[in-house]
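I have placed the structure first, in the form of structure tokens, so that the comments after it can refer back to it.
Treat the numbers as computed from the prediction; the structure is a model and nothing was measured. Ligands are counted one by one from 1 in listed order, and the atoms in each one are counted from 1 as well. The analysis underlying the following values was restricted to heavy atoms, covering all of them including side chains, and did not include hydrogens, waters or symmetry mates.
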Amino acid sequence: MPLMVEREQTNTVASAGATSCAFRLGSTSIDGKLVLAPLSGYNDQPFRRICRRFGASLVYTGLISAKSIVYGPPPFGNPRTAEMLQFHPDEMPVACQLFGDEAGVIVDAARKVASLGMASIDVNLGCAKPKVAGSGAGASLLRDPAGIADLFARLTRALSLPVSGKIRLGWDDASRNYLEVARALADHGAALIAVHGRTAVQGYRGEADWEAIAEVKRSVSIPVLASGDIKQPGDIQALLNATDCDGVMIGRGAIGNPWIFAGRHREEIPWHERASLVQEHLRMMVAFHGPVHGLHRFRKHLRGYLSASGLPKGERHRMMHCDDVEVLVGWLDETDAAAADA
Ligand SMILES: Cc1cc2nc3c(=O)[nH]c(=O)nc-3n(C[C@H](O)[C@H](O)[C@H](O)COP(=O)(O)O)c2cc1C
């Protein structure tokens, strides 16, 4: 049985935030320990920029298909893939995460995108979704540490950018090979490892095994990021204490809650302040994705923002189903005024 670390929250978030250099990603100095985890479907350019502004020191893209980059229309695949590869100076440093099932294709894709300004190329070695793992990519690669070693040897030979890997603890409980995989990465040129403390079969069930992440940190000499179960600011220092990692990734805890990177409890932030960020986020989404896709994709974030708003269910429902950007902005102004008047 893995030893589960006691999860005492602490209030000393300040030490987890900005520092002069928390760790290095190749030649890039990362000036804080808080990292936006890759979140496919959420981590577009607007969200990454917002998280950076609130204190994330490094932000990841969601996973991007190497096949789409290599075999899709030039220069960078289908329009959706090309959009995922648009970076803004405000969001740097960005780690660009690729997934694929063939080393040659991942290397070719990495070579193609390497000049787009990202700080590093990351390889997804943890996605358990059938669409990804079922095709031999993502967490499926964990079953073959020698293949991972070969992939990283090839990537680091081919690229001048640093290359990192994000892993889970193994495929299932019977094959928790995280130490073998971590050593394969570190021995074959990886600049950093991020560890989500669950197996692929576990999905998101149960608690992340922070002690296993600590074992990875102890077993390699490159920077290690811990991922799993940061829900509120107090969890940040607890995860750092439990693992001694160089930084922590925040995933679900950042959805509708970029204030977590500033160490703030969103429930304690006046609604008018939150509503104004919701409006700004919506406008950034519309500017980046266009009015139709912008509003559509924003709804996922809106659900997160509204979940902790305290607004009545009917009002949240009305906002979630609104299909007019200006009307939604107006409603947010009204709730803003109502909250301010209260
Ligand atoms: C909606 C969603 C999308 C995710 N997308 C990715 C992804 O594209 N690549 C990846 O490596 N991990 C992905 N993850 C895993 C997260 O990066 C993170 O490791 C996991 O959610 C545990 O951290 P958390 O408890 O802070 O959410 C995703 C998780 C969620 C919930």
**OP:** Would you kindly specify which portion of Tyr60 sits under 4.0 Å from ligand 1, judged on non-hydrogen atoms: side chain, backbone, both or neither?
**Re:** neither
Subject >> Where ligand 1 meets Lys166 - atom numbers and elements under 4.0 angstrom, heavy-atom basis >> reply: 10 (C), 11 (O), 12 (N), 15 (C), 16 (C), 17 (O), 18 (C), 19 (O)
Original post:
Would you call Arg176 and Asp209 a salt bridge, using N to O less than 4.0 angstrom?
Top reply: yes
Original post:
Under 3.5 Å, side chain of Thr199 to main-chain N/O of Asp172, donor-acceptor pair present?
Top reply: no
Original post:
Side chain, backbone, both or neither: which part of Asn124 comes within less than 4.0 Å of ligand 1 when only heavy atoms are counted?
Top reply: side chain
Subject >> Side-chain hydrophobic cluster, 4.5 Å single linkage: members besides Trp171 >> reply: Val201
Subject >> Atom indices of ligand 1, in the order listed, that fall short of 4.0 Å to a heavy atom of Gly228 >> reply: 22 (C), 23 (O), 25 (O)
Original post:
Does the ring of Tyr42 carry Lys300 above it, NZ/CZ under 6.0 angstrom from centre and within 45° of its axis?
Top reply: yes
Original post:
Is Arg252 touching ligand 1 with its side chain, its backbone, both, or neither, if touching means heavy atoms under 4.0 Å apart?
Top reply: both
Original post:
Can you tell me the protein heavy atom closest to atom 8 (O) of ligand 1 and the distance?
Top reply: Leu63 N, 2.9 Å
Original post:
Going from CZ on Phe54 to CG on Leu34, what distance comes out if it is rounded to the nearest 0.5 angstrom?
Top reply: 14.0 Å
Subject >> Mode of Gln97 contact toward ligand 1 - side chain, backbone, both, neither (heavy atoms, under 4.0 Å) >> reply: side chain
**OP:** Please report which non-hydrogen protein atom sits nearest to atom 1 (C) of ligand 1, along with the residue it belongs to and the distance in Å to one decimal place.
**Re:** Tyr42 CE1, 3.7 Å
Subject >> Contacting atoms of ligand 1, where contact means under 4.0 angstrom from a heavy atom of Asp229 >> reply: 24 (P), 25 (O), 26 (O)
Subject >> Proximal ligand 1 atoms for Gly62, defined as those under 4.0 Å from one of its heavy atoms >> reply: 8 (O)
**OP:** For Tyr71, check ring pair (Phe, Tyr, Trp, His ring centres under 6.0 Å) against everything at least two apart and list the hits.
**Re:** none
Original post:
What is the distance from atom CD of Glu102 to atom CG of Leu151, rounded to the nearest 0.5 Å?
Top reply: 11.5 Å
**OP:** Answer yes if the ring centres of Tyr204 and His196 are under 6.0 angstrom apart, and no otherwise.
**Re:** yes
Subject >> For atom 29 (C) of ligand 1, closest protein heavy-atom neighbour >> reply: Tyr204 OH, 2.9 Å
Subject >> Point-to-point distance, once rounded to the nearest 0.5 Å, from CD1 of Ile106 to CZ of Arg111 >> reply: 13.0 Å
**OP:** Kindly identify the option in Gly251, Ala254, Ser227, Gly138 whose heavy atom sits closest to atom 18 (C) of ligand 1.
**Re:** Ser227
Original post:
Just going by heavy-atom distances, which of Ser40, Ala37, Gly203 is nearest to atom 4 (C) of ligand 1?
Top reply: Ser40
Original post:
Among protein heavy atoms, which lies nearest atom 14 (N) of ligand 1, and at what distance?
Top reply: Pro38 O, 3.3 Å
Subject >> For atom 2 (C) of ligand 1, the protein heavy atom that lies nearest, with its residue and separation >> reply: Leu39 CD2, 3.7 Å
Original post:
Is the His281-Tyr305 ring centre distance short of 6.0 angstrom?
Top reply: yes
